[in-house]
J.: 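This is the structure I want to talk about, given as structure tokens.
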Amino acid sequence: MSNQQNQKQQPATASDGITPRAQDYGQWYLDIVKRADLADHSSVRGCMVIKPHGYAIWEKLQRELDDRFKATGHVNAYFPLFIPLSFLAKEEEHAAGFAKECAVVTHYRLKAVDGKIGVDPASELEEPLVVRPTSETIIWAQYKSWIQSYRDLPLLINQWANVVRWEMRTRLFLRTAEFLWQEGHTAHATEAEAREEVSRMLAVYADVAENVMAVPVVRGRKTEGERFAGAIDTQCIEGMMQDGKALQMGTSHYLGQNFAKSADVKFLNKEGQLEYVHATSWGVSTRLVGALIMTHSDDNGLVLPPKLAPIQVVIVPIYKTPDEQARTTAEVQAAATELRAQGLAVKVDDREGLQPGAKYYEWERKGVPVRIEVGPKDLEKGSLCVVRRFVLEKDGESEQDLRKRKKQFLPRAEAIAGMTALMETMQKDLLARAFAMREKKTRIIDTLEDFEAFFKGEGGGFAWVHWAGTHEDEDAMAKRYETSIRCIPFEDQIPEAARGPGKCILTGKPSAQRVLMAKAY
RNA sequence: CGGGGCGUGGCUCAGCCUGGUAGAGCGCGAGCUUUGGGAGCUCGAUGUCGCGGGUUCAAAUCCCGCCGCCCCGACCA
């Protein structure tokens, strides 16, 4: 597509092979995924291969999440990939919600016929097995035998797993037929306790989004139409991508007693009475890697928050003679050792046969936050050349000035001692930048005219609007403007100027508070 | 499911209209010279041209059928 023009030209900038965002945002995203070596399309429709660099980011995210799950009292377990069809069918609403995207296993054997291997028709399963699109039903079937008394509650379990949803259209990380995620499934004695769990885990997600991923999020609950199939309440965090579209980054559901009833999970309470258990479930997926890319990256490649960068500092030796090579390499190793002692993830790039410039571009593309160059002059001066992947842009700043600000020659000791602080600064800067970007594309809107103008002319973003429409009205808005209610935000999530009651933007009916409208991924 | 595109060395693609037995750039390997923002030269290796059938003396190329993937839309985390 648009990157074909670059094909046979000499690379002019670091962005070679990456379509600029302004030209084609969707293509830019794909280019980043490929050029930063995060993932590949596989030969299976809709399924991706997560490459080591992409997987390393996921592993760091996993660690951050898992630590928080443990800290809030959860333990990990693992349940089967296959769900008997009858299990899924038990919770009607749930089944209906996922029916259209289920992969189904119907046979268990292959057979060679005329030299060709194929499905053995004689091996048909008595009951088809659904490849889990989510695990509520199989897990609750098990909970039935685990829960008898209030003493067994709360049951706080998380599972790290892959799930399959046969989506009609897929996009690397954002929506793949198979994806990796975590799903928490908890059982509680009371509604209040379960609802508290829902809020607790949403807070964990928001914490990871903002303080680890550096992606500011709006917290709220879904409208009836957008709720998880089978849930009574779905809470979510919504991030804004650089094109102004919203991305749902995590959900936490109060499932009421629906699943307990369909799986017949009762417990004896303190008063000696049988009661159905209250359930929650909550999850985030590899989609978060997509959110990371679309929030922070630029036309030169991936930009990663230091907390999630598999490599935080890359050090490149520069030399001409074998003597210089020996000396700079020794210094590079020494610096690496000292930085690692601070707990930093450091990579020494002493590959031969690649010029330093080639290495710079590669690591920029891959989003390494800081690069250190060590040449003969640095050895003489006892300095290190510290180059940041990004700095906060100033208005009207030239490309050269920006580049100059990224690069600093620092006394060796200062550079090394200050590295952890620099990581923290960059982590904060990234969040601040993402926040500013979101603010810039956020409007308080009171009329349909302004609404339409915002989503057409200005390219859209987050719109705070009053809403008192029906489910049908929501659909009408979606058809007309391609927007949806991303969430009904919690009171403290609404900008102060936008709080309080008003009139529905569509129907004019009284509205208690504003909702968040946006186009969404 | 509808619309579009693509399938040829590892990658991106040219060649196809007008059939004559496969090319370029990048990458890869060796050697020499290079190295503070993508190195240069020399030599070298690498192909069931998506699959099946047909037409023909001859098919990457023409015809028929099939398959797969990607992109755009309707559905979704």
J.: Show which side-chain atoms of residues 91-106 of chain A pair as donor or acceptor with protein atoms under 3.5 Å away, not counting sequence neighbours.
T.:
from, atom 1, to, atom 2, distance (Å)
E91(A), OE1, E93(A), N, 3.3
E91(A), OE1, H94(A), N, 3.0
H94(A), ND1, A229(A), O, 3.1

J.: Atom CE of M168(A) and atom P of A77(B): how far apart are they, to the nearest Å?
T.: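 The distance from CE of M168(A) to P of A77(B) comes to 12 Å, rounded to the nearest Å.
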J.: Is it true that D323(A) and R327(A) make a salt bridge, defined as a side-chain N closer than 4.0 Å to a carboxylate O?
T.: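 Salt bridge: yes.
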J.: Given the C1' atoms of U21(B) and U34(B), what is the spacing between them in whole Å?
T.: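 Roughly 42 Å separates the two C1' atoms.
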J.: Could you state the atom-to-atom distance from CG of D350(A) to C1' of U35(B) in whole Å?
T.: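 It works out to 14 Å between those atoms.
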J.: Over how many whole Å does the gap from W166(A) atom CH2 to C1(B) atom P extend?
T.: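 Taking CH2 of W166(A) and P of C1(B), I get 13 Å after rounding.
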J.: Suppose we define a pair by two distances each less than 3.5 Å, Watson-Crick or G-U wobble; what does G37(B) pair with here?
T.: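 For G37(B), the partner nucleotide comes out as none, under the 3.5 Å rule.
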J.: Please report the distance separating the C1' of C76(B) from the corresponding atom of C1(B), rounded so that it comes out in whole Å.
T.: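 Comparing C1' positions in C76(B) and C1(B) gives a spacing of 16 Å.
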J.: Using the P atom as the reference point in each nucleotide, state the distance between A22(B) and G50(B) in Å, no decimals.
T.: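 Nearest-Å result for A22(B) against G50(B) at atom P: 15 Å.
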J.: Please state how far atom CG in L402(A) lies from atom C1' in G37(B), giving the value in whole angstrom units.
T.: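 Rounded to whole Å, this separation is 15 Å.
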J.: Just to be sure I understand the rule, does F98(A) reach a base, reach only the sugar-phosphate, or reach nothing, if contact means heavy atoms closer than 4.0 Å?
T.: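 No contact.
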J.: Would you measure the distance from the P atom in U46(B) across to the matching atom in U33(B) and give it in whole Å?
T.: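 Per the computed distance, 28 Å lies between those P atoms.
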J.: Between H41(A) and Y521(A), which has a closest nucleotide on RNA chain B that is more 5'?
T.: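 Nearer the 5' end of the strand: H41(A).
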J.: Who is the Watson-Crick or G-U wobble partner of G44(B), with both distances under 3.5 Å?
T.: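 G44(B) is paired, partner C28(B).
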J.: Students often get this wrong, so: under 4.0 angstrom with heavy atoms, is G46(A) touching a base, only sugar-phosphate, or nothing?
T.: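 Here G46(A) touches the backbone only, sparing every base.
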J.: Atom OG1 of T134(A) and atom CZ of F228(A): how far apart are they, to the nearest 0.5 Å?
T.: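 These two atoms lie 4.5 Å from each other.
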J.: Is any side-chain N or O of E364(A) under 3.5 Å from a base N or O of G37(B), one able to act as donor and the other as acceptor?
T.: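 Such a pair is found, so the answer is yes.
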J.: When the nearest nucleotide of RNA chain B is assigned to Y360(A) and to E482(A) on a heavy-atom basis, which residue is associated with the more 5' position?
T.: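 Nearest nucleotide further toward 5': that of Y360(A).
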J.: U33(B) C1' sits how many Å from L354(A) CG, rounded?
T.: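 Distance check: L354(A) CG to U33(B) C1' gives 16 Å.
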J.: If you only use heavy atoms from C-beta on, which nucleotide in A77(B), G36(B), C71(B) is closest to the side chain of S285(A)?
T.: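 Out of A77(B), G36(B), C71(B), the nucleotide with an atom closest to S285(A)'s side chain is A77(B).
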J.: For nucleotides G23(B) and C64(B), find the distance between their C1' atoms and express it as a whole number of Å.
T.: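 Going atom to atom, C1' in each nucleotide, I get 29 Å.
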J.: Under 3.5 Å, which donor-acceptor pairs do the side chains of residues 56-65 of chain A form with other protein atoms, sequence neighbours left out?
T.:
from, atom 1, to, atom 2, distance (Å)
K60(A), NZ, A309(A), O, 3.1
E64(A), OE1, R68(A), NH1, 2.8

J.: Can you tell me the pairing partner of A74(B) across any strand shown, Watson-Crick or G-U wobble, with both distances under 3.5 angstrom?
T.: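 Pairing partner, where one exists within any strand: none, as none qualifies.
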J.: Between U35(B), G37(B), A77(B), spot the one nearest the side chain of Y319(A), thanks.
T.: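 Closest of the options to the side chain of Y319(A): U35(B).
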J.: Looking at the side chain of R371(A), which of G36(B), C71(B), G37(B) is the nearest nucleotide?
T.: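 Given the options G36(B), C71(B), G37(B), the side chain of R371(A) is closest to G37(B).
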J.: Look at all strands and tell whether T170(A) reaches a base, only sugar-phosphate, or nothing, counting heavy atoms closer than 4.0 Å.
T.: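 The residue T170(A) makes sugar-phosphate contact but no base contact.
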J.: Which one, G36(B), A77(B), G38(B), comes nearest to the side chain of I318(A)?
T.: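 The nucleotide sitting nearest to the side chain is G36(B).
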J.: Of the nucleotides A77(B), C71(B), G37(B), which one has an atom closest to the side chain of V387(A)?
T.: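 Nearest listed nucleotide: G37(B).
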J.: If I pick the C1' atom on A77(B) and the same atom on A59(B), what distance separates them, to the nearest angstrom?
T.: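 Approximately 48 Å lies between the C1' atom of A59(B) and that of A77(B).
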J.: Taking atom P of A77(B) as reference, at what distance in whole Å does atom CZ of R175(A) sit?
T.: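 Rounding to the nearest Å, CZ of R175(A) and P of A77(B) are 9 Å apart.
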J.: In whole angstroms, how far is the P atom of C70(B) from the OH atom of Y29(A)?
T.: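 Answer to the nearest Å: 14 Å.
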J.: L174(A) near the nucleic acid: base, sugar-phosphate alone, or nothing, with a heavy-atom cut-off under 4.0 Å?
T.: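 Here L174(A) touches the bases of the nucleic acid.
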J.: Using a 4.0 Å heavy-atom cut-off across all strands, classify R351(A) as base, sugar-phosphate, or nothing.
T.: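 Answer is nothing: R351(A) stays at 4.0 Å or more from every strand.
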J.: Taking the C1' atom in each of G19(B) and U56(B), what is the distance between them to the nearest angstrom?
T.: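 Roughly 9 Å separates the two C1' atoms.
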J.: What does F179(A) touch in the nucleic acid at a heavy-atom separation under 4.0 angstrom: a base, only the sugar-phosphate, or nothing?
T.: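 If one applies the 4.0 Å heavy-atom cut-off, F179(A) turns out to touch a base.
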J.: The test is salt bridge (Lys or Arg N to Asp or Glu O under 4.0 Å); show your working for E197(A) and R200(A) and say whether it passes.
T.: CA-CA 5 Å; E197(A) 167 80 0; R200(A) 180 181 304 121; 2.7 Å; yes
J.: Give the rounded distance in Å between these two atoms: CD1 of I237(A) and P of A77(B).
T.: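 To the nearest whole Å, that distance equals 14 Å.
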J.: NA contact type, E373(A), heavy-atom cut-off 4.0 Å: base, sugar-phosphate, or nothing?
T.: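 Base, at least one base atom sits under 4.0 Å.
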J.: With rounding to whole Å, what would you report as the distance between C6(B) and U12(B) at their C1' atoms?
T.: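 Result for the C1' pair: 13 Å, nearest Å.
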J.: Students often get this wrong, so: under 4.0 angstrom with heavy atoms, is K359(A) touching a base, only sugar-phosphate, or nothing?
T.: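 Counting heavy atoms under 4.0 Å across all strands, no contact is made by K359(A).
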J.: In this structure, is the centre-to-centre distance between the rings of F455(A) and F451(A) below 6.0 Å?
T.: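 Between F451(A) and F455(A), the centre distance is under 6.0 Å.
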J.: For S297(A) and V303(A), indicate whether the former's side chain and the latter's backbone hold a donor-acceptor pair under 3.5 Å.
T.: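 Present.
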J.: Between G36(B), C71(B), A77(B), which nucleotide has the shortest distance from any of its atoms to the side chain of D378(A)?
T.: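 Among the listed nucleotides, the one closest to the side chain of D378(A) is G36(B).
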J.: How would you label the contact of R45(A) with the nucleic acid (heavy atoms, under 4.0 Å): base, sugar-phosphate, or nothing?
T.: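 Sugar-phosphate: the residue R45(A), judged by heavy atoms under 4.0 Å, touches backbone atoms but no base.
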J.: As a test of reading the structure: which of C71(B), C76(B), U35(B) is closest to the side chain of E167(A), going by heavy atoms?
T.: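 Looking only at heavy atoms from C-beta outward on E167(A), the closest nucleotide is C76(B).
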J.: Is the shortest side-chain N to carboxylate O distance from E364(A) to K406(A) below 4.0 Å?
T.: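 Salt bridge absent between E364(A) and K406(A).
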J.: Suppose we define a pair by two distances each less than 3.5 Å, Watson-Crick or G-U wobble; what does C66(B) pair with here?
T.: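 Pairing partner: G50(B).
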